[in-house]
S.K.: 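Have a look at this one before I ask anything.
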Amino acid sequence: MNIILMGPPGAGKGTQAELIKARFPIPHISTGDIFRDAVNQGSELGQEAQKYMSSGQLVPDEITTAIVKERITQADCEQGFLLDGFPRTTAQAQALDQSLTELGKKIDLAVNIDVPTELLIERLSGRISCQECKRVYNLNFNPPREQGKCDSCGSELVQRNDDRGETVAKRLEVYSQQTRPLLQYYEAQGVLFNIEGSRGSNQVFADIQEKLESL
Ligand code: AMP
């Protein structure tokens, strides 16, 4: 089962990915997490990615597609994978299709989580996450039991640098210009599944689960 999770920043892709992963045993591949880990490690990739991430821009396609291409050929992806935050441009979607064709695979479902812009801004401004296990919280809607600590692993919760101020506006603009057009790309392939994402995460997940189980 090869799945893509799509939607604007703050739509709840990370939260849904966690729920999907707990129910369906496929690896969760988040390009955002890969880049953030590289930034934290101070690697060459991290230094390059940081130049774009800090201003809400996309990391260049060649870098991003090479990472995903390599990742989906690993053994744990044989039974499927869940891509979160990739593809984000038409060039990335085409490169992904080409790699999948070479592997004799295809995308089974592109889940698009749709949320109105005002709610996205409210969600992003309250979002904090665990640097260790990546669990996502929201100070307004879904706070941790103990302030600043992850309920799951006890590690420190932090706000992402790119969830602040102007960077949020830039990310939303980049989404509508470069990523939103991809919905048509997957609709044309007959794999697009639109979902109303302004509801609670469990309700959203119930719909996704039903769809995945019907595949
Ligand atoms: P995310 O956690 O998915 O919101 O990603 C955070 C940031 O990482 C984005 O704003 C981009 O700078 C970068 N990034 C993540 N995924 C991609 C991608 N598929 N293509 C280009 N840049 C990406």
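Computation of the quantities below employed the complete heavy-atom set of this structure, encompassing side-chain atoms and omitting hydrogens, waters and symmetry-equivalent molecules. When a ligand or atom number is given, it counts from 1 through the structure's own listing order. Note that this is a predicted model, so its numbers are computed, not measured.
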S.K.: Would you say ligand 1 has an N or O under 3.5 Å from any N or O of Gly56?
M.R.: no
S.K.: Please report the closest heavy-atom contact between Tyr137 and Ser152, naming both atoms and the distance.
M.R.: OH-N, 3.7 Å
S.K.: Out of Arg160, Lys170, Arg171, whose heavy atom is nearest to atom 6 (C) of ligand 1?
M.R.: Arg160
S.K.: Name the option, out of Arg36, Arg88, Lys13, Gln50, that contains the heavy atom nearest to atom 18 (C) of ligand 1.
M.R.: Arg88
S.K.: Counting only heavy atoms closer than 4.0 Å, does ligand 1 sit against the backbone of Val59, its side chain, both, or neither?
M.R.: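 Both of them.
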S.K.: Tell me: protein heavy atom nearest atom 23 (C) of ligand 1, and distance?
M.R.: Phe35 CE1, 3.8 Å
S.K.: How close do Arg145 and Asp151 get, counting heavy atoms only, and between which atoms?
M.R.: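 Here Arg145 and Asp151 meet closest at N-OD1, 2.8 Å.
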S.K.: Any donor-acceptor pair under 3.5 Å linking the side-chain atoms of Arg180 with those of Gln177?
M.R.: no
S.K.: Using a 4.0 Å heavy-atom cut-off, which part of Asp162 comes near ligand 1: side chain, backbone, both, or neither?
M.R.: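 The answer is the side chain of Asp162.
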S.K.: Taking NZ, NE, NH1 and NH2 as the nitrogens, is one of them in Asp163 or Arg127 under 4.0 Å from a carboxylate oxygen of the other?
M.R.: yes
S.K.: To check you understand the geometry: which heavy-atom pair defines the closest contact between Met53 and Gly32, and what is its length?
M.R.: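 Taking Met53 first and Gly32 second, the nearest heavy atoms are CE-O, 4.3 Å.
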S.K.: Which protein heavy atom lies closest to atom 7 (C) of ligand 1, and at what distance to 0.1 Å?
M.R.: Met53 CE, 3.9 Å
S.K.: Side chains of Thr64 and Phe86, heavy atoms from C-beta outward: is any pair under 4.5 Å?
M.R.: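 A side-chain contact exists here, since the closest heavy-atom pair is under 4.5 Å.
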S.K.: Which residue pairs pass the side chain to side chain donor-acceptor pair (under 3.5 Å) test when at least one of the two sits in residues 83-98, sequence neighbours left out?
M.R.: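 Non-adjacent pairs meeting side chain to side chain donor-acceptor pair (under 3.5 Å): His28-Asp84, Asp61-Thr89, Asp61-Gln92, Asp97-Tyr185, Asp97-Gln189, Gln98-Glu102.
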S.K.: For atom 11 (C) of ligand 1, what's the nearest protein heavy-atom neighbour? Residue, atom name and distance, please.
M.R.: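 For this ligand atom, the closest protein heavy atom is Gln57 O, 3.5 Å.
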S.K.: In the protein, what heavy atom is nearest to atom 16 (N) of ligand 1, and what distance, to one decimal place, separates them?
M.R.: Thr31 OG1, 2.8 Å
S.K.: Nearest protein heavy atom to atom 20 (N) of ligand 1, by residue and atom, and its distance?
M.R.: Gln92 NE2, 2.9 Å
S.K.: Could you list which atoms of ligand 1 come closer than 4.0 Å to a heavy atom of Thr64?
M.R.: 18 (C), 19 (N), 20 (N), 21 (C)
S.K.: Can you list every side chain to side chain donor-acceptor pair (under 3.5 Å) pair that touches residues 15-26, not counting sequence neighbours?
M.R.: Arg23-Glu213
